[in-house]
Asker: 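What follows is a single structure, and I will ask about it in a moment.
One-based numbering along the sequence shown.
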Amino acid sequence: MERILLCKPKMCGREIDFIRAALAEDWAVPLGPDCDAFEHELEKFVGDNKKVAALVSGTAALHLALIACGVKPGDEVLVQSFTFCASTNPVAYLGARPVFVDSERDSWNMDPELLEEAVKDRVAKTGRKPKAIIPVALYGMPYRIDRIMEIADRYGIPVIEDAAEGFGSRFNGQVLGTFGRFGALSFNGNKMITTSGGGALICPDAETRKTIMWYATQARESYPYYQHEVVGYNYRLSNISACIGRAQMTVLDEHIAHHRHVQALYEELLRDVPGITMHTAPSPEFESNYWLCTATLDEKLKVKGEELAYKQVITGAVGGAAGVTHATSSATTDCQPNDNVEALRMALDAAGIESRPLWKPMHKQPVYKDAPAYVNGVSESLFKVGICLPAGPWVTDDNVRYIADSIKEGIVN
């Protein structure tokens with residue numbers, strides 16, 4: 001049986017037609033008519049009269065959003081700690097300081113109570129308000145954006161939504177990425193739709209989008225020669241990548257429906273398995289795309305092979321498509337998943353199933369060890385017990401049944 005991947009991209013069949021048409025007109029360059037069309041299709045989907053800038057990655061989108069919010073060296077930005085590093089690294093790119101905010105237990109996303117505590121404390125300690133707030137749609141689950149926006153508006157702090165994992169997710173019927181000043185999307189190879197690699201920034205209006213694209217095009221001034229008065233970036237999406245995105249937009253709703261179907265099937269098949277709990281939306285207003293399906297293991301659950309957990313140094317990447325890692329000499333760190341989680345990951349790997357731990361909280365990452373953090377223990381506790389399961393468009397019902405059976409077989413009764 002072919003290895004079951006977490007979220008393998010699936011082409012709809014129209015990508016090559018768009019690409020051929022572009023090449024026939026010599027549009028194999030950054031920008032172009034397919035970029036324009038892709039942006040318009042994204043704008044139609046997100047609605048709310050927003051404008052969209054197509055870019056090379058979701059990380060680039062966050063970087064430019066921070067610049068547009070006036071973030072400069074020495075400033076502070078409040079970032080959800082339970083996330084991938086791409087949510088945080090753009091803050092460091094600018095010489096600013098991330099301030100981490102822990103999660104609430106039901107959505108796994110930014111805790112509004114801790115957020116307000118952090119705002120008050122940073123003002124008391126520094127005499128200045130943070131320059132932005134970045135909540136993250138972890139694994140596609142919406143954040144409690146109503147409370148986050150109420151706090152942000154009260155203190156006059158712009159919100160940059162990291163909806164990279166949450167494209168198509170909604171809160172109270174509204175698309176994520178359209179509540180704050182900006183919303184970042186990702187079209188990486190493992191996301192809901194792909195442009196091979198790419199992203200987009202949802203902007204409040206046409207003028208703001210124009211400024212974003214100016215920065216994304218090396219910030220060139222309007223002279224007959226190249227004049228640059230600020231530092232710009234090469235962040236434009238290529239027209240060929242946009243061709244892939246246009247084709248993928250035709251199956252976006254189908255992909256979202258499939259991910260939700262896979263989630264429901266996992267819930268059905270694992271409902272009566274003691275010690276295994278699927279993470280689900282806490283209430284109806286949280287309309288997750290279930291980019292990845294996630295589960296937690298009771299710490300007392302016994303899994304075959306626990307005695308082998310963390311006994312061998314990992315030599316490659318676990319999960320994800322990059323596969324480029326820096327060699328390490330140690331098999332363990334001071335903050336890692338429980339042995340039963342690692343044993344289950346190894347068992348699934350041996351069965352030809354890709355899985356991986358949850359994101360390690362950023363406040364526990366060595367690179368950010370000196371950053372301020374407002375924590376309640378939620379993200380650390382979830383990291384110790386959580387695992388990501390395959391959910392992509394190639395995952396069939398039979399695959400889910402096989403994965404569920406493999407999980408059951410790995411449990412010691």
Asker: Trp108 vs Tyr139 aromatic rings, parallel, tilted or perpendicular, using cut-offs 30° and 60°?
Answerer: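 Because their plane-to-plane angle is over 60°, the rings of Trp108 and Tyr139 count as perpendicular.
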Asker: Please confirm whether the backbone N or O of Val52 pairs with a side-chain atom of Glu43, one donor and one acceptor, at under 3.5 Å?
Answerer: yes
Asker: Do the side-chain N and O atoms of Ser379 and Asp102 include a donor-acceptor pair separated by under 3.5 angstrom?
Answerer: yes
Asker: Which heavy atom of Cys12 sits nearest to which heavy atom of Val251, and what is that distance?
Answerer: CB-CG1, 3.6 Å
Asker: Between the side chains of Glu161 and Arg181, is the shortest nitrogen-to-carboxylate-oxygen separation below 4.0 Å, so that they form an ion pair?
Answerer: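 Here Arg181 does not pair with Glu161 in a salt bridge, since their nearest N and O are not under 4.0 Å apart.
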Asker: For the side chain of His259 and the backbone of Tyr290, is there at least one donor-acceptor N/O pair under 3.5 Å apart?
Answerer: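 Side chain of His259 to backbone of Tyr290, a donor-acceptor pair under 3.5 Å: yes, one is there.
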Asker: Look at Glu41 together with Arg246 and state whether they make a salt bridge at an N to O cut-off of under 4.0 Å.
Answerer: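 The answer is yes: the pair qualifies as a salt bridge.
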Asker: Would you call Asp349-Arg3 a salt bridge at under 4.0 Å N-O?
Answerer: yes
Asker: Would the Tyr235 and His63 ring centres measure less than 6.0 Å apart?
Answerer: yes
Asker: Go through the side-chain N and O atoms of Trp359 and Glu165 and say whether any donor and acceptor fall under 3.5 Å apart.
Answerer: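 A donor-acceptor contact under 3.5 Å links the two side chains.
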Asker: Report, as yes or no, whether the 6.0 Å neighbourhood of atom CG on Asp205 holds more than 12 heavy atoms from other residues, nucleotides or ligands.
Answerer: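 It does: Asp205 CG has more than 12 such atoms within range.
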Asker: Hey, does the side chain of Asn239 reach the backbone of Ala22 with a donor-acceptor pair shorter than 3.5 angstrom?
Answerer: no
Asker: Any idea which heavy atoms bring Ser355 and Leu6 closest together, and the distance?
Answerer: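 That closest heavy-atom pairing would be CA-CD2, 4.0 Å.
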Asker: For a quick test of reading the model, state the closest non-hydrogen atom pair linking Ile212 to Ala53 and the distance between them.
Answerer: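 Result for this residue pair: CG2-CB, 4.0 Å.
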Asker: Are Arg105 and Ser381 linked by a side-chain donor-acceptor pair shorter than 3.5 Å?
Answerer: yes
Asker: Examine the side chains of Thr211 and Glu207 and answer whether a donor and an acceptor come within less than 3.5 Å of each other.
Answerer: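 Thr211 vs Glu207: no donor-acceptor pair found between side chains.
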Asker: What is the minimum heavy-atom distance between Ala86 and Thr59, and which atoms define it?
Answerer: CB-OG1, 3.4 Å
Asker: With sequence neighbours excluded, give me every ring-ring contact (aromatic ring centres under 6.0 Å, His included) pair touching residues 159-180.
Answerer: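 Found Phe45-Phe167, Phe167-Phe187, Phe171-Phe286.
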Asker: Could you walk me through whether Val385 and Asn338 pass side chain to side chain contact (heavy atoms under 4.5 Å, CB included), step by step?
Answerer: CA-CA 6 Å; Val385 301; Asn338 292 334; 3.6 Å; yes
Asker: Please tell me whether Ser107 and Glu104 have a donor and an acceptor in their side chains that are separated by less than 3.5 angstrom.
Answerer: yes
Asker: Do side-chain atoms of Glu15 reach the backbone of Gly13 as a donor and acceptor pair under 3.5 angstrom?
Answerer: yes
Asker: Side chain of Gln248, backbone of Lys10: donor and acceptor closer than 3.5 Å?
Answerer: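 A pair under 3.5 Å: yes.
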Asker: Assess the side chains of Tyr225 and Arg220: does a donor N or O sit below 3.5 Å from an acceptor N or O?
Answerer: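 Per modelled atom types, Tyr225 and Arg220 side chains form no pair under 3.5 Å.
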Asker: Is it true that atom CD of Glu299 has more than 12 heavy atoms of other residues, nucleotides or ligands lying nearer than 6.0 Å?
Answerer: no
Asker: Starting from the C-alpha separation in whole Å, work towards a yes-or-no answer on salt bridge (Lys or Arg N to Asp or Glu O under 4.0 Å) for Glu39 and Arg209.
Answerer: CA-CA 11 Å; Glu39 290 175 341; Arg209 181 205 168 274; 2.8 Å; yes
Asker: So does Ala219 get a backbone contact from the side chain of Thr217, meaning a donor-acceptor N/O pair under 3.5 Å?
Answerer: no
Asker: Please say whether more than 12 non-hydrogen atoms of neighbouring residues, nucleotides or ligands are located less than 6.0 Å from CD in Glu150.
Answerer: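 More than 12 heavy atoms, drawn from other residues, nucleotides or ligands, come within 6.0 Å of this atom.
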Asker: Please test Glu306 against Lys302 for side chain to side chain contact (heavy atoms under 4.5 Å, CB included), starting from the C-alpha separation and ending with a verdict.
Answerer: CA-CA 8 Å; Glu306 285 187 44; Lys302 296 300 181 184; 3.8 Å; yes
Asker: Just by distance, do the side chain of His279 and the backbone of Thr296 share a donor-acceptor pair under 3.5 Å?
Answerer: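 No, His279 side chain to Thr296 backbone: no donor-acceptor pair under 3.5 Å.
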Asker: What I want to check is whether the side chains of Asn89 and Tyr368 have a donor and an acceptor closer together than 3.5 Å.
Answerer: yes
Asker: Strictly below 4.0 Å, N to O, side chains only: are Arg144 and Asp111 in salt-bridge contact?
Answerer: no
Asker: Please report the closest heavy-atom contact between Leu348 and Ile403, naming both atoms and the distance.
Answerer: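 Result for this residue pair: CD2-O, 4.4 Å.
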Asker: Under a plain distance cut-off of 3.5 Å, with no hydrogens placed, do Asp162 and Ser87 share a side-chain donor-acceptor pair?
Answerer: yes
Asker: Would you call the rings of His228 and Tyr226 parallel, tilted or perpendicular, taking 30° and 60° as the class edges?
Answerer: parallel
Asker: Is there a side-chain hydrogen bond (donor to acceptor under 3.5 Å, both in side chains) between Asp121 and Tyr374? Walk through the geometry before answering.
Answerer: CA-CA 10 Å; Asp121 195 54; Tyr374 294 80; 2.6 Å; yes
Asker: Does atom CH2 (Trp394) have a neighbourhood of more than 12 heavy atoms from anything else shown, all under 6.0 Å?
Answerer: no
Asker: Looking at Arg122, is its backbone amide N or carbonyl O close enough to the side chain of Thr126 to form a donor-acceptor pair, meaning the two atoms are under 3.5 Å apart?
Answerer: yes
Asker: Decide whether Lys360 and Thr333 meet the rule of one side-chain donor and one side-chain acceptor closer than 3.5 Å.
Answerer: yes
Asker: After noting the C-alpha distance and the side-chain angles of Glu2 and Lys8, does the key distance pass the salt bridge (Lys or Arg N to Asp or Glu O under 4.0 Å) rule?
Answerer: CA-CA 12 Å; Glu2 185 178 353; Lys8 178 183 176 182; 3.3 Å; yes
Asker: May I ask you to check whether over 12 heavy atoms, not counting those of Glu307, lie within 6.0 Å of atom CD?
Answerer: yes
Asker: Hey, mind stepping through Thr195 and Phe38 against side chain to side chain contact (heavy atoms under 4.5 Å, CB included) and telling me if it holds?
Answerer: CA-CA 10 Å; Thr195 57; Phe38 183 42; 3.9 Å; yes
Asker: So, are Glu380 and Lys384 salt-bridged, with charged N and O less than 4.0 Å apart?
Answerer: no
Asker: So that I can tick it off, tell me whether Glu285 and Arg170 are bridged by a salt bridge, with the cut-off set at under 4.0 angstrom between side-chain N and carboxylate O.
Answerer: no
Asker: Hey, is the main chain of Met362 close enough, under 3.5 Å, to the side chain of Ser81 for a donor-acceptor pair?
Answerer: yes
Asker: Where is the tightest heavy-atom contact between Pro142 and Leu176, given as atom of each residue plus distance?
Answerer: CA-CD1, 3.8 Å
Asker: Using modelled atom types and a 3.5 Å cut-off, is there a donor and acceptor pairing between side-chain atoms of Ser169 and backbone atoms of Gly140?
Answerer: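 Side chain of Ser169 to backbone of Gly140: a pair is present.
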